[in-house]
Structure formats: structure tokens, C-alpha cells
There are 2 protein chains.
Amino acid sequence: MNTVVAVPRVVIVDDQTLFRSGLAKLLEADERICVVGQAADGEAGVELVSRVHPDVVLMDLKMPGLDGVGATRRIATEFPETKILVLTTFDAENHFIQALRAGASGYVLKDSEPDAIVSSILAVVSGERVMATAVANRVLDMLTGTLAPKEFYDGLTPREIEILKLVAEGMANKQIAYRLKISEKTVRNHVSNTYDKLKIVDRSQAVLYAVRKGLVEP
Amino acid sequence: MNTVVAVPRVVIVDDQTLFRSGLAKLLEADERICVVGQAADGEAGVELVSRVHPDVVLMDLKMPGLDGVGATRRIATEFPETKILVLTTFDAENHFIQALRAGASGYVLKDSEPDAIVSSILAVVSGERVMATAVANRVLDMLTGTLAPKEFYDGLTPREIEILKLVAEGMANKQIAYRLKISEKTVRNHVSNTYDKLKIVDRSQAVLYAVRKGLVEP
DNA sequence: TCCGGCGCCGGGACATCCGCCCACGCCCGG
DNA sequence: CCGGGCGTGGGCGGATGTCCCGGCGCCGGA
């Protein structure tokens, strides 16, 4: 007979219907998991959780409408007994920080074996935290001295990152200066220093860098 | 007993392990399909096709290394008896043209029902061409007058699109002028007209527009 | 056939904007 | 205490964006 622990009830939130269906099929084939629902975006995901109260949510990050981070935050606050396991690709570099801060219990990659997903789910329901090795390594790099905590952004100072974000949103130096209540000249200097550190020469390339790093949404 | 037509043998080429596994599970559950292999990138996909000679390849477009378009072209030329069904997301707007020109027999979206995939596979093996309705509508729009072939990019002329791409890659006006063998003034005029049509004022915002539209990779 | 429109090309002049160099305080750690 | 990083600014030259202008080639409608 089974153990004392019930089979964890799981819902899947992902905008790709095919991926959802395939993953559900995959998990249903494993008797240690029970898939009890699917949703195609953040809104529907929150609503679904409020109805079925699952043990674990497999959450994609990039979705139309309410995205994964927002949905994670809402579920984590409104239904704290439900664990959230982020399941996404490894493109946007820093989203996992936002996701974990929003209340996710784990972060695994779509580029991993089905068995890994199952064991991650089981680990999460038992209270563990799960991190994909690639992500974990990055976290360790950021903590240990090899890569200073902020060194992730190629040595940019906080002020420079702040200004780079605004640049990447299409703001002019003058607007940034007004927003930050500093001189336009100062903004230009920060921007210039940023170019130096990133080894770029141009505002456009700064925008591309920021988009790549996930500092802004395109 | 079965019909005279053999069950189509299918291979899946996609870089996301989880998606591959799930889709394989999904298709294996359908007796009309037989999954005979998987590959994680274009190179491996071509090699796999050369070994097993499947009837259909389900091909993702965005992959590391040799991408889907390149793999499609190679398979279509080296193994013309193998049909290729592109299976991708609906982000990059114009990739489907390249894929079809490279020899794909169909273009379906990951955001669709499993049944649709199965019937698309069956249609492709029987010699049909399959297009996702969203894609087909776009093609029709481009052919009929409703939406001029180019009108998708907010009325930008071909030249303007060409220059916008270079702008979004971080090139300066002078460099673009040299590349296109025209005057810098002309480039500035094209850029200015582009701003006008897109209702933007700034180079940075042009980059963001181009990234959003998939004109350039971030 | 002619003509008007449009895309593409280029010029001039002007007002900014941008990127770069230099400099000044401030604070903190060696 | 002092060297260095950080945030702040001024000045300058080049790049960028805008508004004019004209010319050429092509196409479709009158």
C-alpha cells in the first residue's frame, strides 16, 4: 500500500497548450504525481489555485497578461500552503531572483529530464527548495567572492544600473535627469561609464544589453 | 485491422528536453503516430534523420547551434522524402516565410491542441500543406489588399525596415550610410520618417520596437 | 498618352542631444 | 590619513533629429 503521505496534487500554468498537455501526460504516467488542473496564463492560474488548492504549482514565467512572477506573488500571499515551482527556460538571466523573492520554492529548467521534474515536485512538497544546477551555480557565484554579488552586471554600480534601466526604456538623458533630480551632465557621465564597462559605444547597444539581461521588457 | 497506409514514423527536434519528452508521450498515446526518435538541436536532428529516415520531422525553429531553418533546408534537400512540420511559438513574425522557403511542409503553433498536431502530421504525410490559422490568416492578409504585404510594420517601406534593422543592431547613421552606399543625410531622412510612422522620437525606442517585432535578436 | 503619387536619394541649416574629458566633493577601508 | 571608488557637475565637439528643398524612376489611373 501507499505511504502515509498523499499523492501531491499539481496544477500546470503555461501559455503553450502543447507543452501543458505533454507535461500533464508525462506526469500522469507517474503514480507519485496527480495533475488536477491546467491554466494558460497568470490570471487563470490564480483562479484555478483558488478553486482546487493544489499542493504544487508548476509555473512558467513568460506568459501573456499576468506573468509568472506576478502570479507567483499573488498565489504565495493568498494561498501560502501552495508551493510554487518555477519551470522555465534559461534565457532571462535575473528573473529567477524576482521569482524567488516573489515566493517561489524552486526553479527548474524546461531543458531537463522528466524524472528531474518529478523529484523536484516531491522535494518541494516535502519543504525543500530546488534549484537547477545552472541556476544554483550562478547563485553561488554571486555569493562567493569569485563573482561579487553585483558583479553579475559586469561591474555596474547601482546608480549605473538604475540609469541604464531608464535608458533602455527609451528615456532621454534630460528626462532621466529630471526623474532622478540630478543634472543631465551627471546622467551623461553615468551612461558613459556604463558604456565603458560594458565595452559598448552606443545608446542602442545599451538598450540591447538591457533587454538581453532582462533589465527591461522589450 | 489497420488500413493499407503504414503508421507515420515521426522524429521530434526541439532543444527543450521536457517539451520533447512530453510531446513524445502525447504522440505515443495515439496509435496513428509512431515516434521513432528525438534530437536536441539541428545538427543532431539532421544526423538522426539520416539514420532513421522518418516520414515526418517536427521541427522547432529557435535552437542553439544549427537552427530550425538551416536544419529544415538540409533535410529538405538531402532527404526530400521526409516531410518537415515546423512546430514553434508565434513570436518572430516572419520566420515562417523563411521556414517554408527552406522546404517545410507546414507550420503549426505550440499553442494548439494535441489533436491538431496529430491531424497536421497525418495531413502532411498525405501530401497536404498545413498552416496554423493565425499564420494562414496573416498570409492571406499579406496577399489580399486588406493588409498590404508590408503594412504589418505600420506602413514602413522596405528601405525603412532595412535601415531600422541596422539601427537596432547598434549601428550609427554614418556606418549605415557606408554599408548601404548612400549618403548619411538619406539615412537620417529614412530614420526620421520611420520615427514619424512609428510615432516614436528616439533611437532607443526604435531599438525596442525592432526587438518587439522580432526584426533583430536582442 | 500624360500626369500625379510614391519610394528613394541627396543637400542645407538649425537645434538639440549625446558621448567624452576633466574636475570636485564624499565616504570608506587600508 | 589618504587612495580609490562613487556620485555629482561643466565644457566641448561630434552625432542625431527636424524641417525645408529638389531630383529621379516607376507605376497606375485619368
Side-chain angles (χ1 to χ4, degrees), chain A residues 142 145 147-211 215-216, chain B residues 142-210 215-216:
Chain A
M142 290 173 60
L147 198 62
K150 58 204 175 188
E151 277 289 339
F152 172 60
Y153 290 115
D154 301 282
L156 293 188
T157 163
R159 193 60 156 178
E160 286 162 355
I161 294 180
E162 182 180 12
I163 291 182
L164 174 58
K165 269 199 223 172
L166 299 178
V167 167
E169 287 169 5
M171 294 179 66
N173 290 336
K174 192 173 290 185
Q175 294 175 296
I176 299 174
Y178 179 77
R179 165 84 71 92
L180 300 182
K181 307 264 190 289
I182 58 178
S183 163
E184 182 194 349
K185 310 296 185 111
T186 306
V187 175
R188 287 218 288 269
N189 284 328
H190 283 307
V191 173
S192 202
N193 292 331
T194 301
Y195 293 167
D196 212 31
K197 291 178 181 174
L198 301 184
K199 290 197 278 293
I200 59 180
V201 293
D202 204 82
R203 189 158 270 253
S204 321
Q205 298 174 23
V207 175
L208 293 176
Y209 175 90
V211 172
L215 274 176
V216 297
Chain B
M142 288 172 61
L143 291 183
T144 66
T146 348
L147 195 63
K150 56 210 175 185
E151 274 291 337
F152 171 63
Y153 292 113
D154 301 283
L156 293 188
T157 143
R159 195 58 155 174
E160 286 163 355
I161 294 180
E162 182 180 13
I163 291 183
L164 175 57
K165 268 198 222 173
L166 299 177
V167 167
E169 287 169 5
M171 294 180 67
N173 290 335
K174 194 172 292 186
Q175 295 176 295
I176 297 174
Y178 178 76
R179 165 83 73 93
L180 299 183
K181 307 264 189 286
I182 59 179
S183 161
E184 182 192 349
K185 302 284 194 146
T186 305
V187 176
R188 291 223 289 260
N189 285 330
H190 282 305
V191 172
S192 208
N193 292 333
T194 301
Y195 294 166
D196 213 31
K197 291 179 182 175
L198 301 183
K199 289 197 279 292
I200 59 179
V201 294
D202 203 85
R203 210 173 188 74
S204 321
Q205 298 173 22
V207 175
L208 292 176
Y209 175 89
L215 274 176
V216 298

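In what follows, every heavy atom counts, from backbone to side chain, and hydrogens, waters and symmetry copies are set aside. By convention in this document, chain letters (A, B, ...) are assigned in the order of the sequence lines, proteins followed by strands, and residues within each chain are numbered from 1.
When heavy atoms are screened at a 4.0 angstrom cut-off, B:Thr186 is found touching base atoms of the nucleic acid.
Rounded to the nearest 0.5 Å, atoms CD1 (A:Ile182) and CD1 (A:Ile163) are 4.5 Å apart. If you take CZ on B:Arg159 and CG on B:Leu180, they are separated by 5.0 Å, rounding to the nearest 0.5 Å.
Atom pair A:Glu162:CD and D:dC6:P shows a separation of 15 Å (rounding to whole Å applied). Look at CG on B:Asp202: it is 13 Å from C1' on D:dA15, rounded to the nearest Å. Atoms CG (B:Leu156) and C1' (C:dC6) sit 15 Å apart, rounded to a whole Å. In this structure, B:Gln205 places its CD atom 13 Å from C1' of D:dG17, rounding to the nearest Å. In this entry the distance linking CG of B:Leu180 with P of C:dC9 reads 8 Å, nearest Å. The CD1-P distance, from B:Ile182 to D:dC24, rounds to 19 Å in whole Å. The distance between atom CG of B:Leu198 and atom C1' of D:dG17, rounded to the nearest whole Å, is 15 Å. The distance between atom CD1 of A:Ile163 and atom P of C:dC18, rounded to the nearest whole Å, is 13 Å.
For A:His190, counting side-chain heavy atoms from C-beta on, the closest listed nucleotide (D:dG7, D:dG17, D:dG9) is D:dG7.
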Next on the checklist: If you apply the rule side-chain contact (heavy atoms from CB on, under 4.5 Å), what do you find for B:Tyr195 with B:Ile200, and how did you get there?
Outcome noted: CA-CA 5 Å; B:Tyr195 294 166; B:Ile200 59 179; 3.8 Å; yes

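Listed by residue number, the members of residues 164-179 of chain A with any heavy atom below 4.0 angstrom from DNA chain C are A:Ala172, A:Asn173, A:Lys174.
For the salt bridge (charged side-chain N to carboxylate O under 4.0 Å, His left out) condition, the pairs that include at least one residue of residues 177-195 of chain B, sequence neighbours left out, are B:Glu184-B:Arg188.
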Anything under 3.5 Å between a protein N or O and an N or O of nucleotides 18-22 of chain D, put it in a table, one pair a line.
from: D:dT18; atom 1: OP2; to: B:Ser192; atom 2: OG; distance (Å): 2.7

Name the atoms and distances for all side-chain donor-acceptor pairs under 3.5 Å in residues 164-178 of chain A, with sequence neighbours left out.
from: A:Asn173; atom 1: OD1; to: A:Arg203; atom 2: NH2; distance (Å): 2.2
from: A:Gln175; atom 1: OE1; to: A:Ala172; atom 2: N; distance (Å): 2.8

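Listed here is the closest heavy atom pair of B:Glu160 and B:Leu156: OE1-CA, 3.5 Å.
Applying the side-chain contact (heavy atoms from CB on, under 4.5 Å) test to B:Asp202 and every residue at least two apart in sequence or in another chain returns B:Ser204, B:Gln205.
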Checklist entry - What string of B, S and - do you get for nucleotides 24-30 of chain C, 5' to 3', if B is base contact, S is sugar-phosphate-only contact and - is no contact with any protein heavy atom under 4.0 Å? => result -------

